[in-house]
Amino acid sequence: MKDFKRYIVTSALPYANGPVHIGHLAGAYLPADIYVRYLRMKGEDVLFVCGTDEHGVPITIRAKKEGIKPQEVVDKYHELIKKSFEEFGISFDIFSRTSNQIHHETAQEFFLNLYNKGVFVEETTQQYYDVRAEQFLADRYIVGTCPKCGNTNAYGDQCENCGSTLNPTDLKNPHSMLSGEKPVLKETTNWFLPLDAMQGEIKTYIDSRKNWKTSVLGQCNSWLTQGLQPRAMTRDLDWGVKVPIEGADGKVLYVWFDAPIGYISATKEYFQQRNDGRKTTTDNHVKSGGWEDYWKDEESCLVHFIGKDNIVFHCIIFPATLMAYNKGEARQFVLPENVPANEFLNLEGNKISTSRDHAVWLHDYLIDFPHRVDEMRYVLTSIAPEAKDSEFLWKDFQARVNNELADILGNYIKRVVDLVHRYCHGKVPDIHKTRKEIEEQFNTSETTLLLDKLIREFKFREAMFEVIDIARKGNQFLAETEPWKLIKTDAEKVNEILFKSLTTCLMLARHLYPFMPNTAKQIIHQLKLENDALDYYSPISNHLKYNHPINGSFIIFNKITDEEVEIQIQKLEDKKLSNAVEEMKDEKVSDGKAILPFKVTTTFDEFSKMDIRIGTILEAERVPKTEKLLKLLIDTGIDKRTVVSGIAEFYKPEDIIGKQVCILVNLAPRKIKGIESNGMILMAENSNGELAFINPSKEIDNGGSVK
RNA sequence: GGCGAGGUAGCUCAGAUGGUUAGAGCGCAGGAUUCAUAACCCUGAGGUCGGGGGUUCGACUCCCCCCCUCGCUACCA
């Protein structure tokens with residue numbers, strides 16, 4: 001890997017419409033923090049930025065629901081999220097927010113730059129518009145029947161029941177969440193980033209990234225082979241960064257355009273604060289003077305830590321934006337050097353779900369387990385979903401804390417400290433003859449080299465295992481040398497054993513620091529050393545001096561009791577139960593609620609245009625490679641025609657042959673999956689989206705009309 | 001349906017370019033020990049490497065088919 005002069009490290013901007021949970025932490029924040037702490041400890045020039053993403057439709061919806069302003073929503077969650085991260089020791093140099101002035105300016109400048117270069121393709125499209133509310137409807141503001149699963153409360157961008165991604169125009173019976181009205185399609189102009197035209201250079205970029213994770217590269221290549229499509233970078237909405245050009249009133253930048261730019265504005269803000277003297281901490285590891293050093297210097301290494309759901313934005317869209325910006329500029333933005341996306345963390349056998357509250361929220365954990373931050377950091381790192389989805393189980397949490405942290409690591413430290421008190425009067429023993437040798441051995445030890453390799457390859461789980469292994473080996477060493485027996489015959493030898501053990505404790509603290517900073521400091525404290533003892537390159541003899549008195553031992557990790565974890569498990573169970581109750585309530589309510597409002601008044605003439613007949617199904621077969629389509633042959637009394645219908649979920653082909661149905665016969669033909677469909681079978685639908693045929697209550701001749 | 005990533009001991013996970021008896025930690029069983037949070041240390045049992053074919057002297061590792069999980073993306077007037 002190339003040697004970089006400095007690093008700019010980002011963690012995905014958490015969305016400010018809710019708190020953060022352990023899945024977020026394990027996916028994008030802890031790994032980044034470990035990486036950054038390690039680099040700092042090695043004396044690298046590194047800047048670590050993050051902040052809340054405060055734009056986009058879900059926030060406006062949440063505000064509306066709670067009857068407050070969007071700004072109030074993001075203010076609340078910005079503070080909560082920021083505090084949670086601070087308490088978990090995520091050591092951002094700055095935790096900013098996209099509602100800041102500086103971000104709006106930066107994002108607008110970005111947009112204008114591309115606009116002036118003629119990068120965007122201006123396109124006028126049809127979007128749903130709510131006439132009564134006098135505004136365009138964002139995808140999330142449109143509710144209708146999910147075309148895939150029949151859920152009547154699907155949103156225009158996604159169905160939360162079946163998880164499908166949707167377009168608003170996919171919805172059946174769409175209606176506006178603002179007024180309940182059926183929305184109308186209306187023209188609007190938006191600016192598109194022509195990713196299709198940029199496909200070549202994006203591919204060249206992706207192809208040059210050999211060391212990326214297979215899952216990340218796989219996902220990118222999947223997008224590339226499917227062919228990139230232009231993507232709108234503006235939206236008709238009033239919450240966000242205003243589109244800075246004339247005639248764009250009521251439009252804001254697409255959140256995914258402005259969010260990654262948030263990394264840049266956060267960097268700018270950092271230096272602004274620093275120059276103002278508003279940054280009080282001494283960030284010695286931030287060695288360069290301005291934001292452009294980090295973003296526009298080819299010797300800067302840009303690393304984005306994200307979850308797998310963000311891959312396309314960080315690996316394709318954001319780099320494309322940067323590439324477009326770079327055209328004709330003297331100083332070029334660097335492109336992401338690596339995007340070590342993690343998979344997802346599951347919880348007690350189920351996906352973590354914000355809406356169902358199936359999660360371990362950071363702020364809750366801090367209340368239930370105060371001063372146990374490192375325990376969570378340890379467990380989440382040891383089960384981090386680095387290569388595949390992984391599972392958080394409270395029982396496993398307990399076992400890891402008790403068996404690994406308390407028994408192996410914590411006990412080892414206490415064991416050594418106690419031995420030194422018992423056999424060396426609580427002072428670092430003098431073994432001047434061999435101490436240099438011991439130090440050198442540690443500085444060039446295989447573990448040190450291995451850890452460096454693993455961390456730079458983002459293999460934090462394995463790296464941390466190696467660190468704990470130091471304690472394991474330390475325990476072995478004591479068991480083999482048995483100083484408690486040797487003390488009777490060879491005090492000199494005991495001194496050497498314990499000096500070695502003390503050195504191991506110090507090295508353990510240093511190696512542990514990126515993963516468990518509090519623990520590292522506690523170890524240092526037991527040895528009665530200052531924090532500068534954690535400096536990777538500081539000679540051990542500067543700290544473990546002859547006759548240096550150490551502190552008395554104390555227990556670093558208390559064991560987690562059965563009761564404690566059972567409470568947590570019960571908590572989740574209770575949530576499940578109350579969710580089930582809620583859902584039942586919802587269903588009852590929705591029996592009334594889900595019934596759509598009547599459509600606008602029509603005329604008899606309009607209705608008469610519909611030629612609805614009675615027909616009989618003669619043949620029925622599944623359309624291959626589809627889930628919901630049946631190909632039907634209908635005898636309409638006048639002809640026999642083919643109709644494709646989305647009813648395969650509810651009817652088996654063999655069961656419906658011979659049934660009579662209502663069919664709209666004068667509907668313009670349409671090709672579906674290559675089959676020409678002539679007409680439409682009329683279906684009745686209940687609130688669960690289940691379909692049923694409408695047929696005459698006594699047999700009617702085929703071709704009989706319905707009026 | 002298409003694409004991408006996974007499916008390896010009870011649990012959580014490692015296993016470049018195919019090669020002797022498939023690994024680790026925890027858990028479990030047995031032993032040893034007493035300096036330490038009944039901790040530590042040693043030994044051991046446990047796997048037809050999702051299923052089925054194939055290529056090969058030889059496959060967890062390569063090819064084909066199928067099943068399951070997760071993500072992205074479709075069709076359903």
Side-chain angles (χ1 to χ4, degrees), chain A residues 146-150 163-167 170 172 213-226 229 307-309 311-312 341 343-344 346 351 379 382-393 395-396 399-400 402-408 410-423 459 461-462 465 468-469 471-472 474-487 494 497-498 501 553-559 623-630 643-649 664 667-675 677-682 691:
Chain A
C146 174
K148 299 187 183 181
C149 72
S164 334
T165 308
L166 304 172
N167 282 316
D170 294 341
K172 288 187 262 183
K213 290 191 185 190
T214 53
S215 58
V216 176
L217 278 180
Q219 191 66 241
C220 290
N221 287 326
S222 172
W223 277 81
L224 288 169
T225 48
Q226 279 171 39
Q229 297 299 318
K308 66 175 162 183
D309 50 337
I311 289 174
V312 67
E343 306 289 305
F344 286 159
N346 293 322
K351 283 197 247 192
V379 173
S382 54
I383 61 169
E386 288 175 355
K388 54 184 164 193
D389 289 356
S390 63
E391 183 84 22
F392 180 94
L393 300 166
K395 278 284 173 197
D396 179 69
R400 285 178 192 274
N402 293 357
N403 304 328
E404 296 168 29
L405 291 183
D407 290 352
I408 294 172
N411 181 50
Y412 174 68
I413 302 294
K414 184 167 187 298
R415 199 178 184 189
V416 172
V417 170
D418 284 350
L419 283 169
V420 170
H421 275 281
R422 190 183 270 238
Y423 301 132
K459 293 178 177 169
R461 194 155 76 181
E462 196 180 340
F465 177 83
I468 297 301
D469 207 47
R472 235 173 241 125
N475 274 319
Q476 268 172 39
F477 178 68
L478 290 177
E480 280 163 17
T481 54
E482 299 182 301
W484 50 93
K485 279 187 184 166
L486 210 57
I487 191 67
V494 169
I497 291 165
L498 293 184
S501 296
S553 71
F554 59 85
I555 286 172
I556 301 177
F557 300 105
N558 285 301
K559 299 210 177 181
V623 178
K625 301 185 177 182
T626 66
E627 277 170 19
K628 308 201 175 178
L629 298 185
L630 288 188
V643 175
V644 176
S645 186
I647 56 173
E649 277 184 303
L664 178 63
L667 183 67
R670 176 166 170 139
K671 271 206 169 181
I672 301 163
K673 279 277 159 190
I675 302 163
S677 178
N678 297 285
M680 175 172 146
I681 307 296
L682 268 41
L691 301 177

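Each chain gets a letter, A, B and so on, in the order the sequences are listed, and its residues count up from 1.
A gap of 12 Å separates the C1' atoms of B:G27 and B:G46, to the nearest Å. Look at the C1' atom in both B:G18 and B:A29: the space between them is 36 Å, to the nearest Å. For B:C66 and B:G1, the C1' atoms lie 16 Å apart once the distance is rounded to whole Å. Nucleotides B:U21 and B:C67, compared at atom P, are 34 Å apart to the nearest Å. Atom C1' of B:A5 sits at a distance of 28 Å from the matching atom of B:G19, rounded to the whole Å. Separation of the C1' atoms belonging to B:G50 and B:U8 is 10 Å when rounded to the nearest angstrom. Across B:G53 and B:A77, the matching C1' atoms stand 44 Å from one another, rounded to whole Å. Distance check on atom P: B:A74 versus B:U48 gives 42 Å, rounded to whole Å.
As rounded to whole Å, 13 Å separates atom P of B:C70 from atom CD of A:Glu343. Distance A:Ile468 CD1 to B:U12 C1': 15 Å, rounded to the nearest Å. For the pair A:Gln219 CD and B:C72 P, the computed distance is 8 Å after rounding to whole Å. The CZ atom of A:Phe344 sits 7 Å away from the P atom of B:G71 (whole-angstrom rounding). Taking atom CG on A:Leu478 and atom P on B:U33, their separation rounds to 18 Å, with Å as the unit. Atom OH of A:Tyr412 is separated from atom C1' of B:A36 by 12 Å (rounded to the nearest Å). Straight-line distance from the CZ atom of A:Arg461 to the P atom of B:U12: 11 Å, rounded to whole Å. What separates CD of A:Glu386 from C1' of B:U12 is a distance of 13 Å, to the nearest Å.
Distances were taken from every side-chain heavy atom of A:Trp223 (C-beta onward) to each of B:U73, B:C35, B:A77; the shortest belongs to B:U73. For A:Phe557, counting side-chain heavy atoms from C-beta on, the closest listed nucleotide (B:U37, B:C13, B:G71) is B:U37.
Nucleotide B:G58 has no partner under the Watson-Crick or G-U criteria, as no pair reaches both atom distances under 3.5 Å. The partner of B:A9 cannot be assigned: no Watson-Crick or G-U wobble pair with both contacts below 3.5 Å exists in any strand. Pairing for B:G4 is with B:C70, a Watson-Crick or G-U wobble pair whose two hydrogen-bonding atom distances lie under 3.5 Å. In this structure B:A45 sits in no base pair that meets the Watson-Crick or G-U test at under 3.5 Å. Nucleotide B:U21 forms a pair with no other nucleotide shown, judged by Watson-Crick or G-U wobble geometry with both contacts under 3.5 Å. Taking a pair to require two hydrogen-bonding distances under 3.5 Å in either a Watson-Crick or a G-U wobble arrangement, B:U33 remains unpaired. Of all nucleotides present, none satisfies the Watson-Crick or G-U wobble test against B:C40 with each distance under 3.5 Å. Base pairing of B:A77 is not made with any nucleotide, judged by Watson-Crick or G-U wobble geometry with both donor-acceptor distances under 3.5 Å.
Side-chain contact between A:Ile497 and A:Phe477 is present, with heavy atoms from C-beta onward closer than 4.5 Å. With contacts defined as side-chain heavy-atom distances shorter than 4.5 Å, the pair A:Ile556/A:Leu405 does not qualify. A heavy-atom distance below 4.5 Å is found between the side chains of A:Leu419 and A:Leu478. Looking only at side-chain heavy atoms (C-beta outward), A:Lys308 and A:Ser215 stay at 4.5 Å or farther from each other. You'll find the side chain of A:Lys414 reaches within 4.5 Å of the side chain of A:Ile555, heavy atoms only. Residues A:Thr481 and A:Leu486 form no side-chain contact, since every pair of their non-hydrogen atoms from C-beta on lies 4.5 Å or further apart. The shortest side-chain heavy-atom distance between A:Glu391 and A:Asp396 does not fall under the 4.5 Å cut-off.
A:Lys351 is linked by a salt bridge (Lys or Arg N to Asp or Glu O under 4.0 Å) to nothing, counting only residues two or more places apart in sequence or in another chain. By the ring-ring contact (aromatic ring centres under 6.0 Å, His included) test, A:Phe465 pairs with no residue at all, sequence neighbours left out. Qualifying salt bridge (Lys or Arg N to Asp or Glu O under 4.0 Å) partners for A:Lys459, counting only residues two or more places apart in sequence or in other chains: A:Glu457. Remark: A:Lys388 engages no residue in a salt bridge (Lys or Arg N to Asp or Glu O under 4.0 Å) (not counting sequence neighbours).
Within the 4.0 angstrom heavy-atom criterion, no nucleotide atom of any strand lies near A:Thr225. Among the atoms of the strands shown, none is found under 4.0 Å from any heavy atom of A:Lys213. Using a 4.0 Å heavy-atom distance criterion, A:Ile383 is classed as a sugar-phosphate-only contact. Across all strands, A:Phe465 comes closer than 4.0 Å only to sugar-phosphate atoms, never to a base (heavy-atom distances).
Nucleotide B:G46 is shown with a syn base, its glycosidic torsion being within 90° of 0.
Considering only side-chain N and O atoms, A:Ser501 lies nowhere under 4.0 angstrom from the phosphate OP1 or OP2 of B:C35. Side-chain nitrogen and oxygen atoms of A:Lys351 include at least one within less than 4.0 Å of the OP1 or OP2 phosphate oxygen of B:G71. Distances shorter than 4.0 Å separate some side-chain N or O of A:Lys388 from OP1 or OP2 on B:A14.
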Practice prompt. Take nucleotides 62-69 of chain B nucleotide by nucleotide from the 5' end and write B, S or -, depending on whether a protein heavy atom sits under 4.0 Å from the base, only from the sugar-phosphate, or from neither.
Written response: --------

Worksheet item: Could you write nucleotides 39-44 of chain B as a row of B, S and -, 5' to 3', where a protein heavy atom under 4.0 Å of any base atom gives B, of only sugar-phosphate atoms gives S, and otherwise -?
Response: SSSS--

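Taking the nucleotide of RNA chain B with the nearest heavy atom to each of A:Asp418 and A:Lys459, the more 5' of the two is matched to A:Lys459.
Remark: the backbone N or O of A:Arg461 is paired with a side-chain donor or acceptor of A:Glu386 at under 3.5 angstrom. The closest donor-acceptor contact from the side chain of A:Asn402 to the backbone of A:Lys559 lies at 3.5 Å or more, if one exists at all.
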